[in-house]
**Q** 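This is the structure, below, for whatever I ask next.
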Amino acid sequence: AATVAMGVFESHSDVGENPKAGSAEFDSAAGEYRITGGGANIWGTQDAFHYVWRRVSGDVTVTADVRFLGVGAVAHRKAVIMVRQDLAADSPYADVALHGDGLTSLQFRLAPGGETKEIQSPVKGPVRIRLERRGNAFTIRVGKPGEELAASGPQTVELKDPVYVGIGVCSHDAGVLET
């Protein structure tokens, strides 16, 4: 893990098995994060991705405008806003996941090592994504900047404070890095 704070986040690290190390940069003048991650997926019973995070307690809302750089090697590369219990690969979590092909979902794992489940958003290819935590209820909102965002959820995921809140990228192909 890096030891230097990045914008509003404390640190960044790879989560799970990542044969190619991820990285993160913060452009303070533009207020932009550039995250490069590998990893096979954020799905199933184990996650592998690069995560920029901070520890928080209580309710939280995180909103980001997201764009992938380049065409991408795999349609299901993911950019996420995530709240997770810890940095273990099998950690319980909830996220809003924007896939490279535009699929957008509220993904969640209820218990350590449990299967990931999802609630798909009817909105394909949003620019703005938001994850809201109110107690243990998670809701995503997605759409275009300046427009009303469409909600999916809520979904209950029991997480104990403090939790890790952040943004991440998974390439969906452990041999490739995506930004």
Side-chain angles (χ1 to χ4, degrees), residues 1-3 6 9-24 33-56 60 62 64 66 68-70 72-121 129-133 136-140 142 152-179:
T3 56
M6 299 186 59
F9 298 106
E10 293 173 23
S11 193
H12 65 99
S13 58
D14 283 331
V15 172
E17 189 174 321
N18 290 274
K20 293 189 171 199
S23 63
Y33 295 87
R34 181 175 290 213
I35 303 167
T36 299
N41 208 350
I42 303 171
W43 192 254
T45 61
Q46 301 280 315
D47 304 323
F49 66 107
H50 196 77
Y51 193 40
V52 179
W53 52 266
R54 76 175 295 133
R55 303 261 315 205
V56 302
V60 64
V62 180
V66 178
F68 290 101
L69 297 184
V74 180
H76 285 287
R77 64 186 170 162
K78 295 176 183 172
V80 300
I81 300 174
M82 176 182 284
V83 176
R84 63 190 295 124
Q85 187 64 68
D86 54 48
L87 298 177
D90 68 347
S91 177
Y93 74 89
D95 73 20
V96 53
L98 173 61
H99 296 69
D101 68 357
L103 173 68
T104 308
S105 298
L106 167 56
Q107 298 183 156
F108 54 96
R109 180 179 298 124
L110 298 174
E115 284 291 333
T116 299
K117 299 177 182 178
E118 71 177 335
I119 300 170
Q120 290 188 7
S121 170
I129 61 175
R130 176 179 297 155
L131 180 64
E132 300 171 354
R133 178 193 191 204
N136 284 317
F138 291 87
T139 302
I140 66 168
V142 302
S152 295
Q155 172 62 48
T156 299
V157 181
E158 293 187 19
L159 301 177
K160 294 182 174 119
D161 286 335
V163 294
Y164 288 81
V165 174
I167 52 181
V169 171
C170 169
S171 67
H172 208 274
D173 177 339
V176 173
L177 292 173
E178 294 282 1
T179 303

**Q** Any heavy-atom pair between the side chains of T104 and V96 that's under 4.5 Å?
**A**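 Side chain of V96 against side chain of T104, heavy atoms only: contact under 4.5 Å found.
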**Q** Under 4.0 Å between a side-chain nitrogen and a carboxylate oxygen: does that hold for D47 and R84?
**A**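 So D47 pairs with R84 through a salt bridge.
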**Q** In terms of side-chain heavy atoms, does Q107 have a donor or acceptor partner in K78 at a distance below 3.5 Å?
**A**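 Looking only at side-chain atoms, K78 and Q107 do form a donor-acceptor pair, the distance falling under 3.5 Å.
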**Q** Do N136 and E158 have a side chain donor and acceptor closer than 3.5 Å?
**A**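 No - no donor-acceptor pair under 3.5 Å links their side chains.
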**Q** Kindly assign one of parallel, tilted or perpendicular to the pair H76 and H172, based on the angle between their ring planes and the thresholds 30° and 60°.
**A**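 Plane angle between 30° and 60°, so tilted.
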**Q** Return the set of residues passing side-chain contact (heavy atoms from CB on, under 4.5 Å) with E17 (not counting sequence neighbours), or none when no residue passes.
**A**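 Testing E17 for side-chain contact (heavy atoms from CB on, under 4.5 Å), a comparison that skips the adjacent residues, returns none.
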**Q** Mind checking side-chain contact (heavy atoms from CB on, under 4.5 Å) for A73 and listing every partner two or more places apart, or none if nothing turns up?
**A**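 Partners of A73 under the side-chain contact (heavy atoms from CB on, under 4.5 Å) test: V176, E178.
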**Q** For the backbone of G16 and the side chain of N18, can you confirm whether one donor and one acceptor N or O come within less than 3.5 Å of each other?
**A**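 Yes: the side chain of N18 pairs with the backbone of G16.
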**Q** Would you say R77 and S171 are linked by a side-chain donor-acceptor pair, where the criterion is simply a distance under 3.5 Å?
**A**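 Not at all, the side chains of S171 and R77 share no donor-acceptor pair under 3.5 Å.
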**Q** Run the numbers on V165 and R133 for side chain to side chain contact (heavy atoms under 4.5 Å, CB included), then give the verdict.
**A** CA-CA 10 Å; V165 174; R133 178 193 191 204; over 6 Å; no
**Q** So which atom in V15 and which in A88 form the shortest heavy-atom distance, rounded to 0.1 Å?
**A**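 Heavy atoms of V15 and A88 come nearest at CG1-O, 4.1 Å.
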**Q** For the side chain of Y93 and the backbone of M82, is there at least one donor-acceptor N/O pair under 3.5 Å apart?
**A**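 The answer is no, because no donor-acceptor pair under 3.5 Å joins these two groups.
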**Q** Report the residues that fulfil ring pair (Phe, Tyr, Trp, His ring centres under 6.0 Å) with F138, sequence neighbours left out, ordered by chain and then residue number.
**A**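 In terms of ring pair (Phe, Tyr, Trp, His ring centres under 6.0 Å), with neighbours along the sequence ignored, F138 is linked to no residue.
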**Q** Apply ring-ring contact (aromatic ring centres under 6.0 Å, His included) to residues Y33 and F9 and explain how you reach the verdict.
**A** CA-CA 10 Å; Y33 295 87; F9 298 106; 5.2 Å; yes
**Q** Kindly check if the number of other-residue, nucleotide or ligand heavy atoms within 6.0 Å of CZ (R55) is above 12?
**A**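 Yes, because the 6.0 Å sphere around CZ of R55 holds more than 12 heavy atoms from other groups.
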**Q** If I take atom CZ from residue F68 and atom CG from residue D101, how far apart are they, to the nearest 0.5 angstrom?
**A**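 Here the interatomic distance stands at 9.0 Å.
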**Q** For V52 and A24, work out which heavy atoms get closest and say how close.
**A**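 In terms of heavy atoms, the two residues are closest at CG2-CB, 3.6 Å.
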**Q** In Å, rounded to the nearest 0.5 Å, how long is the span from CG of L106 to OG1 of T139?
**A**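 Those atoms lie 7.5 Å apart.
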**Q** What are the two closest heavy atoms between A79 and I129, and how far apart are they?
**A**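 Residues A79 and I129, closest heavy atoms: O-CD1, 4.4 Å.
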**Q** Just by modelled atom types, is the F108 backbone N or O under 3.5 Å from a matching donor or acceptor in the K117 side chain?
**A**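 Not a single qualifying donor-acceptor pair exists.
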**Q** Please give me the minimum heavy-atom distance between R109 and T45, naming the atom from each residue.
**A**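 For R109 and T45, the tightest heavy-atom pair comes out as NH2-C, 3.5 Å.
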**Q** Rounded to the nearest 0.5 Å, what separation is found between the CG atom of D14 and the CG atom of L87?
**A**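 With rounding to 0.5 Å, CG (D14) is 11.0 Å from CG (L87).
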**Q** Tell me, do H12 and I35 make a side-chain contact under 4.5 Å, heavy atoms counted?
**A**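 Result no, sub-4.5 Å side-chain heavy-atom pair not found.
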**Q** So, taking the atom named CD1 in I81 and the one named CG in D95, what distance separates them when rounded to the nearest 0.5 Å?
**A**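 The distance works out to 9.5 Å.
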**Q** Would you confirm whether S91, through its side chain, and Q85, through its main-chain N or O, come within 3.5 Å as a donor-acceptor pair?
**A**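 Side chain of S91 to backbone of Q85, a donor-acceptor pair under 3.5 Å: yes, one is there.
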**Q** To the nearest 0.5 Å, what is the distance between CZ on R130 and CD on E132?
**A**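 One gets 6.0 Å once the value is rounded to the nearest 0.5 Å.
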**Q** Report yes if some heavy atom in the side chain of P92 is under 4.5 Å from a heavy atom in the side chain of P112; otherwise report no.
**A**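 Heavy-atom side-chain distance check passes, below 4.5 Å.
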**Q** Taking all heavy atoms of F49 and all of C170, pick out the closest pair and write down the distance.
**A**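 Reported closest heavy-atom pair: CB-CB, 3.8 Å.
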**Q** Give the minimum heavy-atom separation between S152 and Q120, together with the two atoms involved.
**A**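 Reported closest heavy-atom pair: OG-O, 4.1 Å.
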**Q** Any side-chain heavy atom of V56 sitting closer than 4.5 Å to one from R54?
**A**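 With C-beta onward as the side chain, the pair touches.
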**Q** When you compare the side chain of H50 with that of V169, does any pair of heavy atoms fall below 4.5 Å?
**A**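 Side-chain contact under 4.5 Å: no.
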**Q** Start with the C-alpha gap between Y51 and V80, add the side-chain angles, then the distance that decides, and say whether side chain to side chain contact (heavy atoms under 4.5 Å, CB included) holds.
**A** CA-CA 9 Å; Y51 193 40; V80 300; 5.5 Å; no
